[in-house]
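Worksheet for the structure shown next.
Hydrogens, waters and symmetry mates play no part in the numbers below; they use all other heavy atoms, side chains included. None of these values were measured; they are calculated from a predicted model. Count residues from 1 along the sequence.
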Amino acid sequence: MECKLSKEQEGSISKPSLWYLAVYAIYVATGFLGIAFVSFPPGHLTAVWLPSGIAFLAILLLGPVAALPIFLGSLTIKLPYLYDDDKAFLSLLVLTLVAIIETVQPWLAHKLWNKHFQQRGISSGADVLTFFSRIAFASCAVTVWFIVVLFMVTGYLSQEMIQQELIQQEQVLQEMSLFQLWFENTVVITMAHTLGIFLVVALYQSYWLVKQDPWSAKEYKIGLTAITTLLVVCAISFSVTDLTLYLLLPIFLILIIHTGYAGSSVALTLVSIWAIVATANGQGPFVSDDTYISMIHIMMFVLCLGLTMQFSALTLDNLNANKREMVNTIEKRTEELEKKNRQLLELASTDHLTGLCNRRSFEKIANKELERAQRYQTPLSILALDLDYFKQINDTHGHPFGDEVLKAFTNVCLDCLRKTDLMARLGGEEFAVLLPETTEYLATNVGEKLRIAISEINLTTETGEVVTVTCSIGVTTATMQDDNIAMMLHRADEALYDAKKFGRNKVCTYKRLNDSNVKLPL
C-alpha cells in the first residue's frame with residue numbers, strides 16, 4: 001500500500017484559469033474562516049493555518065504557476081489586518097513582503113518534497129515523521145521567522161500592541177522581553193503553518209486513496225459512525241468533562257482498523273478543527289491564562305494525535321497490503337504448482353509422441369471399465385494393434401520418419417473411433433484400444449474398419465518414395481473370469497500373434513470352445 005502524492009498526481013490537473021481562481025478562492029476562504037473561528041488573541045494568531053496546506057498542494061499539483069493565486073490570496077487575507085492609512089507605504093510594503101514569504105514557503109516545501117518523496121511518496125509510517133519534520137516543519141521554520149522579524153521591526157508586533165489587545169479581551173500578559181516575544185510568536189506561527197500543511201495533505205491523500213479504491217457500503221457505514229462518535233466525544237470533552245477525551249484513542253483505533261489511513265485522516269482533521277475552535281473560545285482542558293500556552297497545548301494535542309494516528313494507519317495499511325500481496329502470491333504460486341502438477345501428471349500418463357495414454361494410464365482406466373462391465377454385465381472389448389514391418393521402416397527411412405508414421409497411424413485410428421473409446425500406446429509400435437459397451441462381433445468390425453483405414457495411409461519420404469502402412473489386430477472381449485485388464489491384453493496379444501502368423505494386415509479374434517482356445521483369422 002502506498003499512500004502518497006505520486007508522480008502521476010503531480011501536475012495531473014489540467015491548468016485552465018478556472019483552477020487558479022479555485023486556488024485563490026479556497027486559499028482566501030480558509031484564511032478568513034481560520035481567523036474568524038480558530039484565532040487566539042493577541043494578533044489573530046491561529047493554532048492551525050490551513051492556507052499554507054492549500055498553497056503547498058496547489059504548487060504540488062499545478063506547478064510553480066500556482067504562485068500567483070497564492071500571492072494574491074495572501075495579500076487579500078492580510079490586507080484588512082495590516083493595512084494602515086497613516087502608514088500606507090509601509091503597510092503595503094509589509095503586505096507585499098509577507099505575501100512573497102508565504103508564496104516562497106510552499107515552493108520550498110515542494111522542493112523538499114521532490115528531494116525526499118518524488119520517487120516513492122509517503123509509503124510507510126516512518127515517512128509520516130519524515131514528511132512532518134523535513135518538509136512541513138522545515139519549510140515553515142525557514143520562512144516564518146522572517147515574517148515575525150518583519151512584524152517586530154515595522155511595529156506590527158510589539159509588547160504594547162499585544163498588551164492593548166489583551167486588555168480589550170480582559171486578559172493579562174506578563175512582561176516579555178523582545179527575544180521572548182519573537183520566540184513565542186515564531187514557535188506558534190511556525191507550528192500553525194506546519195499543522196496546516198500536515199492536515200491538508202492528509203485530507204487530500206484520503207480523497208486520492210478513496211478515489212483509487214472506493215469504500216464498500218460497510219466501510220462507509222463504519223466510517224461515518226466512528227467519525228460521528230468522535231465528534232460527540234469531542235463535544236462532551238470540551239464542554240462538559242475532559243475525562244471522555246481518552247475515548248478518542250479507542251474510537252480512532254476502530255476507525256483505523258476498518259477504514260485505514262483515509263478514514264483516520266478525515267476524522268483527524270475534523271477532531272483537530274473542533275478542538276482548536278473550542279480552545280480558541282475558552283473551552284476544554286487546554287485553556288490556560290497564558291494565550292501562548294493554550295495555543296501550544298492544543299497544537300501539541302493535534303500534533304501528537306495526528307502523528308500517532310497516521311503512523312498507525314499507514315503501518316496497518318501496509319501490513320494489510322503485504323498480507324493481501326502474500327495471499328495473492330501464495331494463490332498464484334499454488335495455481336502454478338497445480339498447473340505444473342497437472343502437466344507432470346499428464347506427462348506421466350501420456351505418450352509424448354502421439355498424445356495417447358501410456359500403458360500405466362491405460363491399465364488404470366481399463367481396470368475400472370472392466371469392473372464396471374462385470375458389475376452391470378455389459379460387454380467390453382479390447383483391440384491389440386501392431387504396425388507391420390515397422391522396424392524395417394525405421395531402419396530404411398530413419399526414426400524421424402518412423403515417428404511421422406506413428407503420428408499418422410494414431411490420427412487415422414482416432415478418426416475411426418468413438419469419443420468413449422480409449423486408445424493407448426503400450427510401447428514402440430504396439431497399441432491397444434478399449435471399446436466399452438462393445439461386443440466381440442462389433443469389436444471385430446471396428447478392427448476391420450481400422451485395418452482398412454490404416455492400409456490407405458500413404459506417406460512420402462524426403463527422397464520422394466511413397467510408403468504404405470499395414471497393421472495386424474487382435475480382438476478379445478471380457479469375461480466374468482477376468483481379474484484384471486492384463487488378462488484381456490494377454491488374450492488380445494495372442495490373437496494379434498495369430499494375425500501376424502496368418503500373413504499380417506489381418507484381424508483375428510480370440511475364441512474359447514470347450515475349454516480349448518481357438519484363434520480364428522478373419
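The two residues V23 and A58 make their nearest non-hydrogen contact at CG1-CB, 3.8 Å. Of all the heavy atoms in I59 and A67, the pair that sits closest is CD1-N, 3.9 Å. In terms of heavy atoms, T477 sits closest to M488 at C-CE, 3.8 Å. Counting all heavy atoms, side chain and backbone alike, A126 lies closest to F311 at N-CE1, 3.7 Å. Shortest non-hydrogen contact noted between I256 and S312 is CD1-CB, 4.0 Å. Shown here for L422 and C357, the closest heavy-atom pair between the two residues is CD1-SG, 3.6 Å.
Residues D483 and M487 meet the side-chain proximity criterion, which asks for heavy atoms closer than 4.5 Å. Two residues are said to be in side-chain contact when any heavy atoms from C-beta on lie closer than 4.5 Å; T30 and W49 fail this criterion. Annotation: side chain of L305 is in contact with side chain of L249 (closest heavy-atom distance under 4.5 Å). Within the 4.5 Å cutoff, side-chain heavy atoms of I197 are placed close to those of C140. Side-chain atoms of I473 and L450, non-hydrogen and from C-beta on, do get closer than 4.5 Å to each other. Here the side chains of C508 and F502 are in contact, with some heavy-atom distance below 4.5 Å. The closest side-chain heavy-atom distance from Q310 to S265 is below 4.5 Å. At a threshold of 4.5 Å between non-hydrogen side-chain atoms, the residues T509 and Y441 do not count as touching.
The number of heavy-atom neighbours closer than 6.0 Å to CD of E465, taken from other residues, nucleotides and ligands shown, is above 12. Other residues, nucleotides and ligands contribute more than 12 heavy atoms inside 6.0 Å of the CH2 atom of W215. Enclosure of atom OH in Y497 is not indicated, since only 12 or fewer non-hydrogen atoms of other residues, nucleotides or ligands lie within 6.0 angstrom. Remark: R333 CZ is loosely packed, at most 12 non-hydrogen atoms of other residues, nucleotides or ligands lying under 6.0 Å away. In F137, the CZ atom is not crowded: 12 or fewer heavy atoms of neighbouring residues, nucleotides or ligands sit closer than 6.0 Å.
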- Could you give me the CA-CA distance, side-chain angles and deciding distance for K501 and D498, then say whether side-chain contact (heavy atoms from CB on, under 4.5 Å) is met? CA-CA 5 Å; K501 184 173 64 175; D498 284 339; 3.5 Å; yes
- Start with the C-alpha gap between I382 and R491, add the side-chain angles, then the distance that decides, and say whether side-chain contact (heavy atoms from CB on, under 4.5 Å) holds. CA-CA 9 Å; I382 280 185; R491 295 199 303 272; over 6 Å; no
- Query: What do the steps show when you test L314 against V128 for side-chain contact (heavy atoms from CB on, under 4.5 Å), and what is the final call?
  - Reply: CA-CA 8 Å; L314 264 182; V128 174; 3.3 Å; yes
- For the pair W19 and L61, evaluate side-chain contact (heavy atoms from CB on, under 4.5 Å) and give the outcome as yes or no after the intermediate values. CA-CA 10 Å; W19 279 109; L61 297 177; over 6 Å; no
- I would like to know whether K339 and E335 meet salt bridge (Lys or Arg N to Asp or Glu O under 4.0 Å); could you show each step before the answer? CA-CA 6 Å; K339 182 179 179 181; E335 183 178 350; over 6 Å; no
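Comment: K407 does not engage D403 in a salt bridge, judged by the lack of any side-chain N to carboxylate O separation of less than 4.0 angstrom. The pair D388-K500 meets the salt-bridge criterion, since a charged nitrogen lies less than 4.0 angstrom from a carboxylate oxygen. A salt bridge is absent between D386 and R504; no separation between the charged side-chain nitrogens and carboxylate oxygens falls under 4.0 Å. One finds no salt bridge joining E336 and K340 here, because no Lys/Arg side-chain nitrogen approaches an Asp/Glu carboxylate oxygen to under 4.0 Å. Salt bridge annotation for K368-E371: absent, with no cationic side-chain nitrogen under 4.0 angstrom from a carboxylate oxygen. Between E369 and R372 there is a salt bridge, with a side-chain nitrogen of the basic residue lying less than 4.0 Å from a carboxylate oxygen of the acidic one.
Between the CD1 atom of I276 and the CG atom of L195 there is a distance of 6.5 Å, given to the nearest 0.5 Å. Atoms CG and OH, on D317 and Y261 in that order, are 9.5 Å from each other to the nearest 0.5 Å. The structure places CG of L417 at 7.0 Å from CG of L435, a figure rounded to the nearest 0.5 Å. The distance from the CD1 atom of I452 to the OG1 atom of T470 is 13.0 Å, given to the nearest 0.5 Å. Here T476 contributes atom OG1 and L380 contributes atom CG; the two are 10.0 Å apart, rounded to the nearest 0.5 Å. For the atom pair CZ (R134) and CG (L112), the distance works out to 10.5 Å, reported to the nearest 0.5 Å.
The closest donor-acceptor contact from the side chain of N367 to the backbone of I485 lies under 3.5 Å. In this structure, S237 contributes its side chain and L245 its backbone to a donor-acceptor pair below 3.5 Å. The backbone N or O of K111 lies less than 3.5 Å from no partner atom in the side chain of N114, so there is not a single donor-acceptor pair. For Q105 (side chain) and S139 (main-chain N/O), no donor-acceptor pair under 3.5 Å exists by modelled atom type. Without hydrogens or angle criteria, N484 side chain to A486 main chain gives a donor-acceptor distance under 3.5 Å. For S381 (side chain) and T438 (main-chain N/O), a donor-acceptor pair under 3.5 Å exists by modelled atom type. Not one N or O on the side chain of D482 forms a donor-acceptor pair closer than 3.5 Å with the backbone of A478. For the pair T410 (side chain) and A408 (backbone), a donor-acceptor distance under 3.5 Å is absent. Side-chain atoms of N320 do not come within 3.5 Å of backbone N or O of K323 as any donor-acceptor pair. Put simply, the side chain of T228 gets close to the backbone of L224: a donor and an acceptor are under 3.5 Å apart.
For F409 and F431, the distance between ring centers is under 6.0 angstrom.
Each of F56, F132, Y204 was checked for a ring pair (Phe, Tyr, Trp, His ring centres under 6.0 Å) with F198, and the lone residue meeting it is F132.
A side-chain donor from one of R451 and N505 sits under 3.5 Å from a side-chain acceptor of the other. Judged by distance alone, the side chains of T315 and N318 never bring a donor and an acceptor atom under 3.5 Å apart.
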